[in-house]
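Sequential numbering from 1 along the given sequence is applied to the chain's residues. Atoms considered below: every heavy atom in the structure, side chains included; atoms not considered: hydrogens, waters and symmetry mates.
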Amino acid sequence: MDRVVNDEKPRVILGEHKITQNLPSQPTVLDEKWSLRSFKKKFRVVMVRYDENELEFDLIGIHPFLANAFRRLMLSDVPTMAIEKVHILNNTSIIQDEVLAHRLGLIPLKADPRLFEMKADPAAEGTEQDTLEFTLKIKCTNNKDSSKDSLRVEDMYKNNNVYSKHIKWVPIGKQKERLSDVGPIHPDILIAKMRPGHELDLKLIAVKSVGRDHAKFSPVATAFYRLLPDIKLLREVEGEAAERLQKCFSPGVISIRHEKGRQYAVVNDARYDTGSRNVFRYEDLKDAVAMTKIQDHFIFTVESVGALRPDVIFTESVKILKDKCLSLLDELSHV
């Protein structure tokens, strides 16, 4: 196994009871002295999948501390807009005021945070540069037009469900001229259930902040990375053993090839393997596979809540890291 996996890439080798490392003959990104020239030569970004709110990409030739810095910046330092204050003018529903305010704060808003400023004084009156204002005014009543035979809640009552679409934007100053389509990203988020006599009359204040202040300001639903798996077959596995080997890994990792009346296992795509090590349950298969993870190849997945595109979130995290580094260098220059 060492002969097969001990190449020039920094790897961890997944054994049955332990994890070991290979020993490249030359320094890798994990242990060599950092230099900009070497970094430019080795570093690559590869886009793998890009949906509307989800992005998967690879960072190759990068140190783990830097990959983790990007992850933490996306979670905690890229700002967004979220409802911070809820002025409750009337709430006769069964939901307590504080629970209602917490629910409203977690509703993601369609507003580009780059167009707003951080509020310097939380107690100060909001301006069009740092604040968004919304209202939520709704009352549940009996539906007099419904059939008396119907027992469906939707037929018996009007406004029995309060959704995020009922939140209305109230522009401040000239916001309507420079902003458009401001409001909740998803119109069908259920806020409350009401019955006749229940009413909500709320004024909502949204400001700009970051996830380290409160999770509602985080621009991502999740942002994580994992090391690139690599699987090598050390010998040919045929017949029933090949089928067992295939079941030991995630779907699509191992495939069965049919050729000249026989079937044997081949590695199809190791990228999405979970590293379960189920293969070590079988005495006849445990020596047939080398399972490793490449330590300088990170598979990033970023899922946006919708306020910013996932590629923009990553770009913003790079800018924030740059600003932090410049700030540190400036401080050190004055020591």
Cluster link [X] to [Y], ILVMFWY, side chain under 4.5 Å:
| X | Y | value |
| --- | --- | --- |
| F249 | Y272 | no |
| I167 | V182 | yes |
| I185 | M81 | no |
| F300 | V46 | no |
| V318 | V302 | yes |

[X], [atom1]: over 12 other non-hydrogen atoms inside 6.0 angstrom:
| X | atom1 | value |
| --- | --- | --- |
| R257 | CZ | no |
| E52 | CD | no |
| I94 | CD1 | no |
| K119 | NZ | yes |
| H102 | NE2 | no |
| K139 | NZ | no |
| R277 | CZ | yes |
| R195 | CZ | yes |

Legend entry - Non-neighbouring partners of Q96 that pass side chain to side chain donor-acceptor pair (under 3.5 Å), sequence neighbours left out: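 Side chain to side chain donor-acceptor pair (under 3.5 Å) check on Q96 returns nothing, list empty.
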Inset, instruction - List for me each residue that meets side chain to side chain donor-acceptor pair (under 3.5 Å) alongside T301, sequence neighbours excluded, and say none if there are none. - result: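 Checked T301 against side chain to side chain donor-acceptor pair (under 3.5 Å); zero matches.
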Inset, instruction - Assess R178 against F116: is NZ or CZ under 6.0 Å from the centre of the six-membered ring, and within 45 degrees of the ring's axis? - result: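 The answer is yes, since R178 meets both limits relative to F116.
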Legend entry - Six-ring centre of Y282, R244 cation under 6.0 angstrom, axis tolerance 45°: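 Yes, a cation-pi geometry.
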Legend entry - For I299, the rest of its hydrophobic cluster, which grows through side-chain links under 4.5 angstrom: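 L228, I294, listed by chain and number.
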Inset, instruction - Hydrophobic side-chain clustering at under 4.5 Å (ILVMFWY, transitive links): who's grouped with M118? Put none if nobody. - result: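 Listed partners: V210.
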So do [Y] and [X] actually touch side chain to side chain, heavy atoms under 4.5 Å?
| X | Y | result |
| --- | --- | --- |
| L104 | L202 | yes |
| R235 | D287 | yes |
| K110 | P184 | no |
| D230 | K232 | yes |
| L132 | L179 | yes |
| V48 | D58 | yes |
| V207 | I83 | no |

Legend entry - Intermediate values then yes/no, side chain to side chain contact (heavy atoms under 4.5 Å, CB included), V312 and R114: CA-CA 11 Å; V312 173; R114 294 171 293 180; 3.6 Å; yes
Could you report the tightest heavy-atom contact between [X] and [Y], atom names first, then the distance?
| X | Y | value |
| --- | --- | --- |
| S317 | L73 | O-CD1, 3.4 Å |
| I313 | M74 | CG2-CG, 3.8 Å |
| L245 | L285 | N-CD1, 4.0 Å |
| A206 | F134 | CB-CE1, 4.0 Å |
| E54 | P310 | N-CG, 3.8 Å |
| G105 | A82 | O-CB, 4.1 Å |

Inset, instruction - For salt bridge (Lys or Arg N to Asp or Glu O under 4.0 Å), just list the numbers for E236 and R262, CA-CA rounded to whole Å, side-chain angles, deciding distance to a tenth of an Å, and then say yes or no. - result: CA-CA 12 Å; E236 202 166 77; R262 65 189 186 97; 2.9 Å; yes
Inset, instruction - Report the C-alpha distance between M194 and L200 in whole Å, list the side-chain angles of each, state the deciding distance to 0.1 Å, and finish with yes or no for side chain to side chain contact (heavy atoms under 4.5 Å, CB included). - result: CA-CA 9 Å; M194 302 198 300; L200 292 176; 4.1 Å; yes
Rounded to the nearest 0.5 Å, what separates atom [atom1] in [X] from atom [atom2] in [Y]?
| X | Y | atom1 | atom2 | answer |
| --- | --- | --- | --- | --- |
| C248 | D273 | SG | CG | 10.5 Å |
| D323 | L326 | CG | CG | 6.5 Å |
| S327 | I320 | OG | CD1 | 13.0 Å |
| F43 | S38 | CZ | OG | 12.5 Å |
| E56 | R49 | CD | CZ | 4.5 Å |
| I231 | R271 | CD1 | CZ | 13.5 Å |

Tell me whether [X] is salt-bridged to [Y], with the criterion being a basic N under 4.0 Å from an acidic carboxylate O.
| X | Y | answer |
| --- | --- | --- |
| D77 | K324 | yes |
| E177 | K174 | no |
| K165 | D188 | no |

Legend entry - Contact list for residues 34-43, test salt bridge (Lys or Arg N to Asp or Glu O under 4.0 Å), sequence neighbours left out: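 Qualifying pairs: E32-K42.
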Please tell me whether [X] and [Y] have a donor and an acceptor in their side chains that are separated by less than 3.5 angstrom.
| X | Y | result |
| --- | --- | --- |
| N68 | R71 | yes |
| Y50 | D311 | yes |
| T127 | D130 | yes |
| Q175 | E133 | no |

Legend entry - Name of the residue among V29, I62, L227, T28 meeting side-chain contact (heavy atoms from CB on, under 4.5 Å) with D296: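 Of all the options given, the one that passes is V29.
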Inset, instruction - Take K293 and L14 through the test side chain to side chain contact (heavy atoms under 4.5 Å, CB included) and record every step on the way to the result. - result: CA-CA 8 Å; K293 291 181 181 290; L14 307 183; 4.1 Å; yes
Inset, instruction - Check Q21, R11, H63 against Q295 for a side-chain hydrogen bond (donor to acceptor under 3.5 Å, both in side chains) and give me the one that passes. - result: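 Of the listed options, the one satisfying the test is Q21.
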Inset, instruction - Starting from the C-alpha separation in whole Å, work towards a yes-or-no answer on side chain to side chain donor-acceptor pair (under 3.5 Å) for Y163 and N161. - result: CA-CA 6 Å; Y163 292 104; N161 288 338; 3.2 Å; yes
Inset, instruction - For the pair F70 and L321, evaluate side chain to side chain contact (heavy atoms under 4.5 Å, CB included) and give the outcome as yes or no after the intermediate values. - result: CA-CA 8 Å; F70 289 134; L321 182 60; 3.6 Å; yes
Inset, instruction - Only pairs at least two apart or in different chains count here, so list each side chain to side chain donor-acceptor pair (under 3.5 Å) that has a residue in residues 213-222. - result: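 Matches after skipping sequence neighbours: E84-K216, S209-D213.
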Inset, instruction - Measure from the ring center of F57 to the ring center of F314 and say whether it is less than 6.0 Å. - result: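 Close enough - the centres of the two rings lie under 6.0 Å apart.
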